[in-house]
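One structure is given below, encoded as structure tokens.
Positions are given from 1, in the same order as the sequence printed here. Side chains are part of it too, since the values below use all heavy atoms of this structure and drop only hydrogens, waters and symmetry mates.
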Amino acid sequence: MKSAVAYYRVSTQRQGRSGLGLEAQRTAVARFAEAAGIILLSEFTEVETGKGADALDRRPELAAALATARQAKCPVLVAKLDRLSRDVAFIAGLMAQRVLFIVAELGADADPFMLHLYAALAEKERRQISERTRSALASRKVQGTKLGNPTNAGMAAAVGRGVQTLAADRFAASILPIIATLQKSGVTSLRRISIALNNRGVRTARGGGVASVERPQYLGESGDADW
């Protein structure tokens, strides 16, 4: 029977104390492992933000999960890709660790190249949504519209970011089956996949193109995965 190391993460101490999000992650991972016939060798839980260039240094539980998986020659299993990080450069760095990752939400067939594309597409979509939101707010401000909720600006901003993240993640997930089909047909480089998506009329949730998706850092010059 196959084995894996489970990793769970929440971003705040408040979430960690309350268990908010952790139980949902454990449930998703357990269900996936049972359906896939995977034995969980170890579980690692972290309460730490995924932001910043030094994120891995500040996440000892993730480092321990990687070391355990490397020693056992098995993958790290997470409920959602954003439990590793929402930063595409950080995701690429993790892929360079030569430890496989399985994302329960995306299924066992999502290879490292697909995981990076998911992260890149979601990050690009979040950036585009944010830019359009700022432009729309600036336009309304010029027109004299009073913006925001002065009594609870922090909560309003958090809700807005959550909505943007959910929309971006849903968009990225919706494109993965198309990318999988392209890969099976022999379209495997990042550039060719981007061209194929644009040729098929696949647009971002707000109508933008996808041709400028960033190149994965662990890919060779051809854009094809080297492992």
Measure across [X] and [Y] and return the closest heavy-atom pair with its distance rounded to 0.1 Å.
X: Ala104; Y: Leu77; answer: N-CD1, 4.2 Å
X: Cys74; Y: Ala4; answer: SG-CA, 3.8 Å
X: Ser3; Y: Ile38; answer: C-CG2, 3.8 Å
X: Ile178; Y: Leu197; answer: CG2-CD2, 3.8 Å

Check: Do Asp82 side-chain atoms and Ser85 backbone N/O form a donor-acceptor pair below 3.5 Å?
Finding: no

Check: Hey, does the side chain of Ser185 reach the backbone of Leu182 with a donor-acceptor pair shorter than 3.5 angstrom?
Finding: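 Checking the backbone N and O of Leu182 against the side chain of Ser185, a donor-acceptor pair under 3.5 Å is found.
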
Within a strict 4.5 Å, meaning less than it, do heavy atoms of the [X] and [Y] side chains meet?
X: Thr68; Y: Phe44; answer: yes
X: Tyr7; Y: Leu62; answer: yes
X: Val29; Y: Leu40; answer: yes
X: Leu66; Y: Leu94; answer: yes
X: Ile102; Y: Val78; answer: no
X: Leu106; Y: Phe101; answer: no
X: Val76; Y: Val99; answer: yes

Notebook entry, point to check: Are a donor atom and an acceptor atom from the side chains of Glu46 and Tyr8 found within less than 3.5 Å of each other?
Noted result: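 Side-chain D/A pair, Glu46 to Tyr8: absent.
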
Check: Nearest 0.5 Å, what's the CD1-CG distance between Ile91 and Leu84?
Finding: 5.0 Å

Notebook entry, point to check: Thinking salt bridges, do Arg31 and Glu34 make one under a 4.0 Å N-O criterion?
Noted result: no

Check: Only one of Arg9, Glu105, Gln25 forms a side chain to side chain contact (heavy atoms under 4.5 Å, CB included) with Lys80, so which one is it?
Finding: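 Output: one option passes, namely Glu105.
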
Check: Would Arg26 and Thr45 satisfy side-chain contact (heavy atoms from CB on, under 4.5 Å), going step by step from the backbone distance to the final call?
Finding: CA-CA 10 Å; Arg26 290 191 181 99; Thr45 301; 3.5 Å; yes

